[in-house]
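Hydrogens, waters and symmetry mates play no part in the numbers below; they use all other heavy atoms, side chains included. Residue numbers count from 1 along this sequence.
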Amino acid sequence: MAASLLRVGRLGSLRCLQTEVLSSIRRAPAVAFSSKSGDSKKSKKSNKAGLDPIQKLFLDSIRAYSTKSGAAGGLVDAGSEYQKALAEEITKLQRLYGGGDLSSFPEFKFPEPKFDEVSSK
(Lines give C-alpha, C1' and ligand atoms only; values in the text may rest on other atoms or scores of the structure.)
Protein backbone atom coordinates (compact mmCIF):
# COMPACT_ATOMS: atom_id res chain seq x y z
CA MET A 1 0.00 0.00 0.00
CA ALA A 2 2.82 2.41 0.85
CA ALA A 3 4.43 1.80 -2.52
CA SER A 4 1.21 2.61 -4.35
CA LEU A 5 0.84 5.85 -2.34
CA LEU A 6 4.38 6.85 -3.31
CA ARG A 7 3.60 6.21 -6.96
CA VAL A 8 0.45 8.32 -6.75
CA GLY A 9 2.40 11.09 -5.00
CA ARG A 10 5.08 11.08 -7.67
CA LEU A 11 2.53 11.18 -10.47
CA GLY A 12 0.67 13.99 -8.74
CA SER A 13 3.80 16.09 -8.33
CA LEU A 14 4.74 15.38 -11.95
CA ARG A 15 1.32 16.57 -13.10
CA CYS A 16 1.64 19.73 -10.99
CA LEU A 17 5.03 20.39 -12.49
CA GLN A 18 3.68 19.87 -16.00
CA THR A 19 0.82 22.31 -15.50
CA GLU A 20 3.13 24.88 -13.92
CA VAL A 21 5.59 24.70 -16.82
CA LEU A 22 2.84 24.89 -19.41
CA SER A 23 1.24 27.89 -17.74
CA SER A 24 4.58 29.73 -17.56
CA ILE A 25 5.20 29.02 -21.25
CA ARG A 26 1.80 30.41 -22.13
CA ARG A 27 2.48 33.59 -20.14
CA ALA A 28 5.95 34.17 -21.62
CA PRO A 29 6.09 36.84 -24.34
CA ALA A 30 6.70 35.68 -27.86
CA VAL A 31 10.16 36.40 -29.22
CA ALA A 32 10.57 37.02 -32.92
CA PHE A 33 13.87 36.08 -34.47
CA SER A 34 15.03 37.69 -37.67
CA SER A 35 18.03 37.12 -39.89
CA LYS A 36 17.99 40.64 -41.29
CA SER A 37 21.01 42.74 -40.40
CA GLY A 38 18.97 45.95 -40.12
CA ASP A 39 17.13 44.68 -37.06
CA SER A 40 20.33 44.30 -35.04
CA LYS A 41 21.24 47.96 -35.60
CA LYS A 42 17.87 49.07 -34.30
CA SER A 43 18.21 46.93 -31.18
CA LYS A 44 21.71 48.32 -30.44
CA LYS A 45 20.40 51.88 -30.62
CA SER A 46 17.45 51.12 -28.38
CA ASN A 47 19.72 49.39 -25.82
CA LYS A 48 22.05 52.37 -25.68
CA ALA A 49 19.19 54.81 -25.22
CA GLY A 50 17.51 52.60 -22.64
CA LEU A 51 20.41 52.45 -20.18
CA ASP A 52 19.70 52.15 -16.52
CA PRO A 53 20.62 55.39 -14.66
CA ILE A 54 23.17 53.49 -12.57
CA GLN A 55 24.76 52.02 -15.69
CA LYS A 56 24.88 55.47 -17.26
CA LEU A 57 26.63 56.91 -14.18
CA PHE A 58 29.11 54.04 -14.22
CA LEU A 59 29.94 54.53 -17.90
CA ASP A 60 30.24 58.30 -17.46
CA SER A 61 32.67 57.87 -14.56
CA ILE A 62 34.78 55.41 -16.57
CA ARG A 63 34.93 57.84 -19.49
CA ALA A 64 35.86 60.73 -17.17
CA TYR A 65 38.64 58.68 -15.56
CA SER A 66 39.91 57.69 -19.00
CA THR A 67 40.24 61.32 -20.09
CA LYS A 68 41.90 62.32 -16.79
CA SER A 69 44.41 59.46 -16.94
CA GLY A 70 45.21 60.30 -20.56
CA ALA A 71 45.87 63.93 -19.64
CA ALA A 72 47.93 63.02 -16.57
CA GLY A 73 49.92 60.37 -18.43
CA GLY A 74 49.38 57.75 -15.74
CA LEU A 75 47.43 57.33 -12.55
CA VAL A 76 44.94 60.01 -11.55
CA ASP A 77 45.42 61.68 -8.16
CA ALA A 78 48.66 59.83 -7.43
CA GLY A 79 50.35 61.91 -4.77
CA SER A 80 54.00 62.32 -3.90
CA GLU A 81 53.77 59.51 -1.32
CA TYR A 82 52.72 57.08 -4.02
CA GLN A 83 55.51 58.20 -6.35
CA LYS A 84 58.05 57.81 -3.54
CA ALA A 85 56.80 54.31 -2.64
CA LEU A 86 56.86 53.29 -6.32
CA ALA A 87 60.45 54.48 -6.71
CA GLU A 88 61.50 52.55 -3.58
CA GLU A 89 59.88 49.34 -4.84
CA ILE A 90 61.54 49.69 -8.24
CA THR A 91 64.98 50.12 -6.64
CA LYS A 92 64.34 47.05 -4.43
CA LEU A 93 63.45 44.96 -7.47
CA GLN A 94 66.47 46.19 -9.41
CA ARG A 95 68.73 45.35 -6.49
CA LEU A 96 67.17 41.86 -6.06
CA TYR A 97 67.15 40.91 -9.73
CA GLY A 98 70.36 42.49 -10.95
CA GLY A 99 69.17 45.77 -12.38
CA GLY A 100 67.88 46.17 -15.87
CA ASP A 101 64.89 47.94 -17.30
CA LEU A 102 61.76 46.97 -15.37
CA SER A 103 59.40 48.89 -17.63
CA SER A 104 59.89 46.61 -20.65
CA PHE A 105 59.34 42.91 -21.14
CA PRO A 106 62.56 40.89 -21.11
CA GLU A 107 63.84 39.29 -24.30
CA PHE A 108 64.58 35.59 -24.12
CA LYS A 109 67.12 33.94 -26.38
CA PHE A 110 67.08 30.19 -26.73
CA PRO A 111 69.95 28.92 -28.86
CA GLU A 112 69.23 25.99 -31.14
CA PRO A 113 70.60 22.81 -29.54
CA LYS A 114 73.26 20.86 -31.41
CA PHE A 115 72.45 17.21 -31.84
CA ASP A 116 75.00 14.47 -32.45
CA GLU A 117 74.19 11.97 -35.11
CA VAL A 118 73.74 8.49 -33.78
CA SER A 119 74.53 5.65 -36.13
CA SER A 120 72.53 2.50 -35.74
CA LYS A 121 74.43 -0.78 -36.18
Could you give all pairs that pass the salt bridge (charged side-chain N to carboxylate O under 4.0 Å, His left out) test and reach residues 102-117, with sequence neighbours left out?
none
Consider only side-chain heavy atoms of I, L, V, M, F, W and Y, link residues closer than 4.5 Å, and tell whether I90 and Y97 are in one cluster.
yes
Listing request: all salt bridge (charged side-chain N to carboxylate O under 4.0 Å, His left out) pairs with a residue in residues 84-98, at least two apart in sequence or in separate chains.
E89-K92
Nearest 0.5 Å please: distance from the CG atom of L96 over to the OG1 atom of T91.
9.5 Å
Please identify each residue that fulfils side-chain contact (heavy atoms from CB on, under 4.5 Å) with F110, with sequence neighbours left out.
F108
Just to verify, what does D60 make a side-chain contact (heavy atoms from CB on, under 4.5 Å) with, not counting sequence neighbours?
K56, R63
With a 3.5 Å cut-off and sequence neighbours excluded, list the donor-acceptor pairs that the side chains of residues 68-76 form with protein atoms.
| residue | atom | partner | partner atom | Å |
| --- | --- | --- | --- | --- |
| S69 | OG | Y65 | O | 3.2 |
| S69 | OG | S66 | O | 3.1 |

Partners passing side-chain contact (heavy atoms from CB on, under 4.5 Å) against Q55 (at least two apart in sequence or in another chain)
L51, D52
